[in-house]
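Report on one structure; see the data block that follows.
The structure presented is a predicted model; accordingly, all values stated were derived computationally and were not measured. Computed from heavy atoms alone, side chains included, the values below leave out hydrogens, waters and symmetry copies.
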Amino acid sequence: MKASDNKSPTITDIARLAGVSSITVSRTFTAPEKVKPQTRERILQIAGQMNYVPNVFAQNIKNAQSPVIGIVTDDTFNQSYSWVIQELCRHAEERGYSVMIFTTRGSRESEARAVNTLVSYKAAGVVLSAISDAPDYDSSHLDILKNSATQLIQLDRQFDTSLPAVCVNDQRAGELIASVIREKGYRNILIVGGGEQSRITRERVTSICDNIPGDIRVTRLYADYRYDAAKEIIANHFSCGSIDYDAIVGINGAISLAASNVAVRWSLSPKVDFLSIDEIPNAEDFGLFYTCVVHDYEQWATVVAENLISAIEGRPWQRRTVINGFLKNHR
């Protein structure tokens with residue numbers, strides 16, 4: 001049974017076939033306890049036969065919030081973000097929420113459009129990894145989110161360090177990498193970070209450099225958190241200068257993978273050791289066991305999901321959580 005070959009069925013179509021008002025049909029989907037069981041069953045049966053899909057957003061226009069959780073992230077290639085997305089989807093679905101995912105690809109315009117969309121839908125909550133965590137980042141397009149009823153939790157990159165967040169202990173990560181550099185006795189290292197003004201990059205690079213001997217030669221290369229962009233910048237660096245490094249340190253997993261890719265093409269491996277903050281995606285599947293600082297992705301994802309849903313539902317939650325890392329594949 002269909003309303004028409006070219007038109008999706010509407011509440012009016014169902015009401016006509018069920019012999020009830022459109023208001024009664026609407027209540028069947030929004031407040032079923034207000035509809036008589038026999039009437040409700042007849043309406044649902046007709047709706048099923050017509051393949052009718054309720055418009056959740058229209059139903060929630062007059063409500064304070066809709067049962068939607070948004071994820072807005074710069075790059076889903078980031079392994080930790082992928083874990084968070086999977087875990088948040090699982091928790092959300094168990095609690096009756098739908099998840100909308102936006103990938104901004106480093107575009108402020110895309111980030112603004114995603115946030116505006118979620119606020120207009122009165123999303124219950126948003127997990128946001130901003131495209132930039134630089135102090136001079138113009139985050140005015142995010143004011144609409146901060147001033148809305150939508151619950152916000154920042155993931156990893158923070159545009160405002162006073163707002164709720166789940167992030168990594170960057171200083172500790174740098175200290176752990178520095179301990180390996182000291183132990184291995186490296187004399188000439190390359191550290192590849194994200195943007196030069198990124199808080200995460202600056203804190204990790206500073207922590208590494210503050211905890212190694214001053215006579216170690218350190219080259220800092222500021223690249224990009226996205227894999228493809230980082231790979232291009234690293235290749236340009238290798239083609240323009242000295243590449244006689246003892247070790248290359250990637251400030252996150254995607255950057256480390258990009259550096260490894262370029263190094264293979266330049267035949268630097270296995271002459272050069274690789275160290276990474278965060279695991280290099282799928283490296284161990286190919287027998288590559290790089291020393292890295294690991295942050296428990298499952299813990300990270302669970303904390304984000306549980307905190308966000310608890311905040312939405314008015315239960316106790318932790319506004320700011322810092323995840324500590326540990327060394328892996330360190331011999």
Side-chain angles (χ1 to χ4, degrees), residues 79-80 133-135 156-158 161 167-225 230-231 233-281 283-284 288-296 322-331:
Q79 196 168 2
S80 58
D133 62 348
D156 196 24
R157 296 181 212 161
Q158 303 174 65
T161 55
C167 54
V168 162
N169 187 334
D170 297 308
Q171 181 177 344
R172 176 60 177 162
E175 291 171 353
L176 290 171
I177 289 294
S179 71
V180 177
I181 292 172
R182 294 195 307 269
E183 181 180 323
K184 295 289 188 180
Y186 299 131
R187 307 306 304 165
N188 185 8
I189 62 173
L190 170 68
I191 303 177
V192 187
E196 186 171 3
Q197 297 305 313
S198 163
R199 288 190 182 94
I200 292 174
T201 287
R202 287 191 303 169
E203 289 181 17
R204 294 181 182 184
V205 172
T206 298
S207 181
I208 293 170
C209 294
D210 285 350
N211 288 281
I212 58 176
D215 60 348
I216 294 178
R217 180 183 172 189
V218 178
T219 301
R220 300 170 179 83
L221 175 62
Y222 297 103
D224 196 289
Y225 287 121
K231 187 167 63 172
I233 293 170
I234 296 167
N236 288 338
H237 172 78
F238 282 1
S239 65
C240 296
S242 171
I243 55 175
D244 58 338
Y245 302 113
D246 301 321
I248 297 175
V249 180
I251 225 65
N252 79 352
I255 291 173
S256 300
L257 180 62
S260 176
N261 178 288
V262 176
V264 168
R265 286 190 282 139
W266 279 74
S267 300
L268 298 184
S269 298
K271 305 171 190 174
V272 178
D273 288 342
F274 285 89
L275 310 178
S276 178
I277 295 179
D278 294 331
E279 292 183 88
I280 298 178
E284 294 184 7
L288 303 173
F289 296 89
Y290 298 117
T291 298
C292 57
V293 177
V294 174
H295 300 96
D296 188 331
V322 177
I323 305 295
N324 287 309
F326 58 91
L327 283 173
K328 181 180 179 181
N329 297 331
H330 176 50
R331 300 182 179 88

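Separating the CG atom in D273 from the OH atom in Y186 is a distance of 3.5 Å, to the nearest 0.5 Å. Interatomic distance, E196 CD to L221 CG, rounded to the nearest 0.5 Å: 10.5 Å. Here the CD-OH distance, from Q197 to Y222, works out to 8.5 Å after rounding to the nearest 0.5 Å. Rounded to the nearest 0.5 Å, atoms OG (S207) and CG (D170) are 8.5 Å apart. A distance of 11.0 Å separates CG of N329 from CG of L275, quoted to the nearest 0.5 Å. We find the OH-CD1 distance between Y290 and I280 to be 5.5 Å, quoted to the nearest 0.5 Å.
Checking each of H295, R157, Q158 against C167 for a side chain to side chain contact (heavy atoms under 4.5 Å, CB included) leaves exactly one that passes, namely Q158. The residue from V249, I191, I189 that alone fulfils the side chain to side chain contact (heavy atoms under 4.5 Å, CB included) condition with I177 is V249. The only option from I248, I233, T219, T201 that meets the side chain to side chain contact (heavy atoms under 4.5 Å, CB included) definition with V192 turns out to be I248.
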Exercise for review: Quick one: do W266 and S239 satisfy side chain to side chain contact (heavy atoms under 4.5 Å, CB included)? Show the steps, please.
Suggested key: CA-CA 9 Å; W266 279 74; S239 65; 3.8 Å; yes
Review point. Side chain to side chain contact (heavy atoms under 4.5 Å, CB included) between V218 and I208: does it pass, once the steps are laid out?
Key: CA-CA 10 Å; V218 178; I208 293 170; over 6 Å; no
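The nearest pair of heavy atoms linking G253 to S276 is CA-OG, 4.1 Å. Between V272 and A247, the closest heavy-atom pair is CG1-CA, 3.8 Å. The nearest pair of heavy atoms linking D224 to A230 is O-CB, 3.3 Å. The two atoms that bring P135 and R202 nearest to each other are CG-NH2, 3.2 Å, heavy atoms only.
Applying the side chain to side chain donor-acceptor pair (under 3.5 Å) rule to E279 yields the partners K328; only residues at least two apart in sequence or on another chain are considered. Scored by the side chain to side chain donor-acceptor pair (under 3.5 Å) test, R220 finds no partners at all (sequence neighbours excluded). Shown here are the side chain to side chain donor-acceptor pair (under 3.5 Å) partners of N252, two or more places apart in sequence or in another chain: there are none.
Side chain of R172 to main chain of N324: no donor-acceptor pair is present (N/O by atom type, distance under 3.5 Å, no hydrogens or angles). In this structure a side-chain-to-backbone donor-acceptor pair under 3.5 Å is missing from N211 to E175.
Side-chain atoms of V168 and R204, non-hydrogen and from C-beta on, do get closer than 4.5 Å to each other. Put simply, the side chain of L327 reaches to within 4.5 Å of the side chain of V293, judged on heavy atoms. In this structure, the side chains of F274 and S260 come closer than 4.5 Å at one or more pairs of heavy atoms. The side-chain heavy atoms of S198 and I251, taken from C-beta on, include no pair separated by under 4.5 Å. For the pair H237/V262, no side-chain contact is recorded, criterion being any heavy-atom separation below 4.5 Å from C-beta on.
Ion pairing of R187 with D246 is absent here, as no side-chain N (NZ or NE/NH1/NH2) approaches a carboxylate O to less than 4.0 Å.
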